[in-house]
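To keep things clear, I will list the structure first and then write my remarks on it.
As the structure is a computational prediction, the values presented were derived from the model and not from experiment.
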Amino acid sequence: MASQTKMFSGPQLALFRPTCLSTTFTASPLSRCFSTTSPALDWLTPKFMETSKSPKGRPHVATGGSSRGTTVVWGDYGLRMKDHDRRLPAASLKIAEETIKRRLRGMNYTLYKRVSANIGVYTKGNEQRMGKGKGKFDYWTAKVAVSRIVFELKGDIHEKIAREAFRLAGHKLPGMWEFCKKGDPPVVGITKLGNGVTLESLKRPRRSPALGTEKMSSPPSSTSSSPSASQ
């Protein structure tokens, strides 16, 4: 064994040394070659594929008078959907984000995303017979209900510049969009609360009671006559 060591002595032995030990390395307390935390999830691409293929249905719109997600929470300005619910492809959301960043280049701001493209869209080729499954994966999309905020902006930015950035981003997205600020009243469906319009007034029945039934202890449930009463 000693003779074998003498054969590779001096500069020849350096060829068998690890490369990480041959160079000088100054360890920094702020840099590590590994991380114990998982990487941040991308809002346009989920970490894992779907276990079951998502149906094509429309976004869920609460009919009980919900105003969740219609107000600005973290930022100062927001971009809100105006016309009706739809599916937003991840490619369109990415282009809208890049448009906002391009307009606000060099400024001090923070952009918040309120949606996540976690719904898969599956398509089939042209001229195929019916059946044989739902198809192969095509792209990711986000189901956004009406009056939901997609982007929020916060920073040392004038309101006119934020309006211009969101206007350009709205042209890259399908549908109609509107600009909103922090403190604006919430929206239920397409009806904005405020100016005398409250959530209780929207839940109140629209039809007034029949004449002569205001003072009755137990008014009838329906004003229309039943078939048995007409006979």
When you compare the side chain of [Y] with that of [X], does any pair of heavy atoms fall below 4.5 Å?
X: E159; Y: Y77; value: yes
X: I161; Y: R103; value: yes
X: L88; Y: M81; value: yes
X: R114; Y: E152; value: yes
X: F166; Y: W177; value: no
X: K181; Y: D184; value: yes
X: W43; Y: L93; value: yes
X: R102; Y: L168; value: no

Would you say the side-chain atoms of [X] pair up with the backbone N or O of [Y], donor to acceptor, closer than 3.5 Å?
X: D83; Y: G175; answer: no
X: K154; Y: Y112; answer: no
X: S147; Y: G189; answer: yes

Tell me the closest heavy-atom pair linking [X] and [Y], and the distance in Å.
X: V72; Y: C180; result: CG2-SG, 3.8 Å
X: L79; Y: G170; result: CD2-N, 4.5 Å
X: P185; Y: T71; result: C-CG2, 4.3 Å
X: R129; Y: K132; result: NH1-CE, 2.9 Å
X: P46; Y: A117; result: CD-O, 3.5 Å

(request) Answer yes or no: is there an ion pair linking E98 with K101, defined by an N-O contact shorter than 4.0 Å? (result)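 No, E98 and K101 are not salt-bridged.
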To the nearest 0.5 Å, how far apart are [atom1] in [X] and [atom2] in [Y]?
X: N118; Y: E50; atom1: CG; atom2: CD; value: 7.5 Å
X: E164; Y: I157; atom1: CD; atom2: CD1; value: 12.5 Å
X: K56; Y: T141; atom1: NZ; atom2: OG1; value: 11.5 Å
X: R148; Y: K143; atom1: CZ; atom2: NZ; value: 13.5 Å
X: R167; Y: E178; atom1: CZ; atom2: CD; value: 16.0 Å

(request) Each residue besides F137 in its hydrophobic cluster should be listed here, by chain and number; the cluster joins Ile, Leu, Val, Met, Phe, Trp and Tyr at side-chain heavy-atom distances under 4.5 Å. (result)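 Direct or chained contacts put F137 with M49, Y122, W140.
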With a 4.5 Å cut-off on side-chain heavy-atom distances among I, L, V, M, F, W and Y, is there a chain of contacts connecting [X] to [Y]?
X: Y109; Y: I149; answer: no
X: I119; Y: V144; answer: no
X: L44; Y: L111; answer: yes
X: W74; Y: I100; answer: no

[X] atom [atom1], over 12 foreign heavy atoms within 6.0 Å:
X: K113; atom1: NZ; result: yes
X: K134; atom1: NZ; result: yes
X: K53; atom1: NZ; result: yes

(message) As a quick check of understanding, evaluate side-chain contact (heavy atoms from CB on, under 4.5 Å) for T99 and H171, giving each step before the final call.
(response) CA-CA 10 Å; T99 303; H171 292 328; over 6 Å; no
(request) Evaluate side-chain contact (heavy atoms from CB on, under 4.5 Å) for L153 paired with L104, printing each intermediate quantity in order. (result) CA-CA 11 Å; L153 194 61; L104 304 179; 3.6 Å; yes
